[in-house]
Amino acid sequence: MNNTGAFQRLIVLLPTTRLATGFALLCTLMVATPSLAQEAILEGDRSIPAEAKNGMVVTSHYLATDEALKVLEQGGNAVDAAVTAAFTLAVTQPRSGNIGGGGFMLISSEQKNEVVAIDYREKAPAAASRDMFLGADGNADEELSRYSHKSAGVPGTVAGLALALEKYGTLSLAKALEPAIRLAQEGFIVPVRFSDGIKSAADRLQKHESSRKVFFKPDGSHYQPGDRFVQKDLAATLKRIAEQGSEGFYQGRTADLIVAEMKRGGGLITLDDLKHYQPAIRQPVHGNYRGYDIFSMGPPSSGGTHIIQILNILEGFPIGWTGHNSAETIHLMAEAMARAYADRSKYLGDSDFVQVPIQGLTSKAYAEKLRRTIHRGRATASATLLPGDPAPYESNETTHFSIVDKFGNAVSNTYTINFSYGSHIVVDGAGFLLNNEMDDFSAKPGVANAYGLISDEANQIEPNKRMLSSMSPTIVKQGGKNFLVTGSPGGSRIITTTLQVLLNVIDHHLNIQAAVSAPRIHHQWLPDEIRIEEGISPDTVRLLEGMGHTVTRQAAMGASQSILVSSDGTKYGGADPRRSTSSAKGF
Ligand code: DON
């Protein structure tokens, strides 16, 4: 991440008190920093204006922001803009923007007083089986679950975006695809982050001739900032979707190319898997925090359930008073996080296959029970912290963007191919990367996935099942009005990143840019440590260590693209400076 170092160098200069002033200073400093200024020249205006009356778009790539904003300006709604942004990101930010992966979209309509979730998470192919990632020695084989053709789940993005548009949008699929097709066909100017990303993934990408052809020049050299990057195969793939709808991806030539790629590399996805892939419209999980209505993604994501669980635990502590990123607040957040992640390891999985006790996990009574186990001044060792006992079962590099329109609609979308560049395998002739989402299943009970997350039987591999996710697109409403639209990438850190944006706004009253930029912390039960970004003061770290916490400094965590709508309807965008291409614009 090219700007992370600069961001972190700047943020350590900030005073540890008066943080709101500090963040304003940070934003000023960022504009003045030479390396960032140079990127800005290359990458265009990224945040102008981030305050607007009509509509607001915040994405991780300025070209996607621009194209989605045009849709809003021309009278389209937030869903039209979201689908346009998602297809544009698939072209301009192929490390995470995708058509070969999956994700979740929350859509809030004030008019209908309804929030719905579109689940377009990948599914395990029909031929997948519980032990498919175990080697001869019985151990989980990371190379197989993360970088092989078998690591790919059946992609859901195209079907999910098409469904969103058909049910909640006004544009045709062909129209929403126009900017993406143009940018793939004619190319776009490579920004620093794009060329740095490919350099860092070069070894793995070069292993596959199909990936080498797309991401490197014909002579094998790197695309440099300022070069034009053209993707003819991807343009043709997108055109087939524009002409034939979802079937133009899940059947016919693209499906044939995916299956041929599977045959070449021993993958499992078949024509039947593709033909039968269906996205689902689900009820988001819902909670209430200090009078705000929180809507977020339920299973097969763990995100929403645990955000609400952690908020419920924290509601009993005066964390606005204990203060933003003070040792006491960080301690309370970490303790609540650890308890939620312990529960995640046991209870969460695809609710089409296993019963997930969502109501128990998100109940105020269970939160109170957990809260009583938290000592105000002493860390609980994770080894002593087992998954709790919620009320019984009841029937019951990722990228995020947020969009609000002038009609009272909001979209919060997180989608992914799992790692940056997913499996690193491009479908030959179709020009897009395959996900490696199968690694989000539990390869073996008790064995961690790439994010150190442990899960159990609820998340074991089964044919056609969706792998557990942490993606947490979230919409907060106040008095029936859309108030905050947020979410983030970051693997296991997605839940805690999104949570902290909520706390920063609701408890600490930071403006949206400060709420997104502020240094973050993370605890996921195991490993038993609080991870902190630069910007948490050494005094605070010492106090936490004094309570018995292990504290480790980490690179930047997450990248939250968020919007806050004030009571007079003004939309404020907060683009995350942890991604140098992030962009918030409104009109
Ligand atoms: O669904 C999940 O939780 C993960 N596959 C997300 C991966 C991710 O966020 C990587 N990005 N930074």
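Values in this document were obtained by computation on a predicted structure and should not be read as measured data. Just so you know, ligand 1 is whichever comes first in the structure, and atom 1 is the first atom listed for that ligand.
Those atoms of ligand 1 that come under 4.0 Å of a heavy atom in Met471, given as number and element, are 1 (O), 3 (O). Atoms of ligand 1 lying under 4.0 Å from any heavy atom of Ser470, numbered from 1 in the order shown and given with element: 1 (O), 2 (C), 3 (O). If you number the atoms of ligand 1 from 1 as listed, the ones under 4.0 Å from a heavy atom of Ile494 come out as 9 (O). The ligand atoms of ligand 1 that sit less than 4.0 angstrom from a heavy atom of Tyr451 are 7 (C), 8 (C), 10 (C).
Contact analysis leaves Phe419 out of contact with ligand 1, as no non-hydrogen atom separation drops below 4.0 angstrom. The closest approach between Met467 and ligand 1 stays at or above 4.0 Å for every heavy atom of the residue.
Not a single side chain to side chain donor-acceptor pair (under 3.5 Å) links Asp456 to another residue, sequence neighbours left out.
The distance from atom OG of Ser148 to atom CG of Asn436, rounded to the nearest 0.5 Å, is 9.0 Å.
Nearest to atom 11 (N) of ligand 1 among the protein's heavy atoms is Glu397 N, 2.6 Å. In terms of protein heavy-atom proximity, atom 1 (O) of ligand 1 is nearest to Ser469 OG, 2.7 Å. Scanning the protein for heavy atoms near atom 6 (C) of ligand 1, the closest one is Thr398 OG1, 3.3 Å.
A heavy-atom distance below 4.5 Å is not found between the side chains of Asp439 and Tyr147. At least one side-chain heavy atom of Phe249 sits less than 4.5 Å from a side-chain heavy atom of Pro155.
Panel note: side chain Ser582, backbone Asp576; a donor-acceptor pair is recorded below 3.5 Å.
When the options Leu468, Thr416, Asp440 are ranked by their closest heavy atom to atom 4 (C) of ligand 1, first place goes to Asp440.
Remark: ligand 1 and Gly490 share an N or O pair separated by less than 3.5 Å (distance only, no angle test).
In Arg121, the part holding a heavy atom less than 4.0 Å from any atom of ligand 1 is the side chain.
Among pairs with a residue in residues 150-160, those fulfilling side chain to side chain donor-acceptor pair (under 3.5 Å) read Asn98-Thr157, at least two apart in sequence or across chains.
Contact check on Asp352 versus Arg282 returns a salt bridge, with a Lys/Arg side-chain nitrogen under 4.0 Å from an Asp/Glu carboxylate oxygen. Under a 4.0 Å N-O distance rule, the pair Glu397/Arg578 does not qualify as a salt bridge.
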